[in-house]
Amino acid sequence: MDYTIYCQGCGAAIQTDNPDAVGYMPKTSSKSENILCQRCFRLKHYNEVQEVEMTDDDFLSMVSHIRDKEGLIIHIIDIFDTEGSLLKSLPRITGNNPILLVGNKMDLLPKSTNKRKLVHWIRSLAKDAGLDVADVYLISAEKGHGLEELAFQIEAYRNKKDVYVVGVTNAGKSTFINRLIKRSTGEKDVITTSYFPGTTLGFIKIPLDRTTSLIDTPGIVNKRQMAHYVSDHDLKLITPKNEIKSRTYQLDSGQTLFFGGLARFEFIKGEKQSFVCYFSNRIPIHRTKLENANNLFEKQVGELLSPPSKETLKLLPDMEESTYKIKEDNIDVVFPGLGWISIKKGNATIRVYSPKGVSVSLRKSFM
Ligand code: GDP
């Protein structure tokens, strides 16, 4: 294209190169008068919100005008990957607008999860990241759990103003919004009411009433998300589909656990104890002696130690190691986007390996 065309729906500049980016339109459909990007097209005709990606910088420059508006911010995070999905840059773009932090994919956590502790932990995580949140809710957008309560609270908090939904890609933003659309309009004939040409670049507006809208912002790409470093095939393997079943290993010091070849846990020093592992069932766990671990990894990564597949290996950063002396009891060692290991008894020294940039973190266990 030699001149810029804008989408009639969201105002984004139309491009035909990148299906995952804002303003994408397949080349074949460029003849129509009423030009819509694929995302707006799908919303209009199928009433379906499709995710598009943006880098953190694109996002910042595009959405920082929210700062100057008044509205409620709904920040959707993936409860299974809080590291990868909590937006530390949020206050810069939302100004003084109230934020509801919504932990999605609750259906993946074991039923024994202590929700009160989990909410408390999410609050402290947000606080550490400099996010001042009005409230925290737990939902499963896919199963529809917690949505009634959340919808009720949104009405209360929004104070008759617009609602902005923000989140990284893969947190479940589209699933959530599609649920909301269905919920408020019923299954049929939603098109005319849900599709509203917007004037804000790249945003999609879904009317809530005569004067206010729910505004979907494009999904942000966070480099700390494991999802960006694995093939689509492997992403399916590492993402649990259903409630995670824990797998428990009794380890002596000097033993290693491999989670496929994507994460590695070494028990360096401490009394024999059990380590409870919460990972997708489709990630195989291998136990070996510390002294064999390097050799095994070098020979078997992508083979016996898989995922990663060969395809993922091309995307995956090198492994980075860190050592922790754990003093307290009941600590989780979190491999972002993959899962975590609960350690009941403190006074243990461990060494962990994870892909560079997707760093391991520790938290108080909420099981
Ligand atoms: P978006 O990129 O933030 O719009 O995320 P999507 O809505 O496309 O969801 C990303 C992935 O997470 C998809 O595979 C969804 O099926 C899945 N997903 C979304 N919500 C839930 C949920 O509540 N529970 C589970 N288990 N998976 C979910």
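Each ligand, and each atom within it, is numbered from 1 in the order the structure gives. None of the values given here were measured: they were computed from a predicted structure.
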Report summary line: Residue shell for ligand 1, any heavy atom closer than 4.0 Å, reads Glu51, Asn104, Lys105, Asp107, Leu108, Ser140, Ala141, Glu142, Val168, Thr169, Asn170, Ala171, Gly172, Lys173, Ser174, Thr175
Indicate every side-chain donor-acceptor pair of residues 289-296 with a distance under 3.5 Å to a residue at least two apart or in another chain.
residue: Asn294; atom: OD1; partner: Arg264; partner atom: NH1; Å: 3.4
residue: Asn294; atom: OD1; partner: Arg264; partner atom: NH2; Å: 2.7
residue: Asn295; atom: OD1; partner: Lys299; partner atom: NZ; Å: 3.4

In a table with atom names and distances, give each donor-acceptor pair under 3.5 Å that connects a side chain of residues 138-150 to protein atoms at least two apart or in another chain.
residue: Ser140; atom: OG; partner: Asp107; partner atom: OD1; Å: 3.0
residue: Ser140; atom: OG; partner: Lys143; partner atom: N; Å: 3.0
residue: Glu148; atom: OE1; partner: Arg183; partner atom: NH2; Å: 3.3
residue: Glu148; atom: OE2; partner: Arg183; partner atom: NE; Å: 3.0
residue: Glu149; atom: OE2; partner: Gln153; partner atom: NE2; Å: 3.1

Query - Lys245 side-chain N/O to Phe279 backbone N/O, donor-acceptor pair under 3.5 Å - result: no
Query - Test: Arg39 and Asp216 ion pair at under 4.0 Å - result: yes
Report task. May I ask you to decide whether Asp318 forms a salt bridge with Lys356, counting only side-chain N to carboxylate O separations under 4.0 Å? Result -> no
Query raised in the report: For Arg287, what residues pass the salt bridge (charged side-chain N to carboxylate O under 4.0 Å, His left out) criterion, not counting sequence neighbours?
Result: none
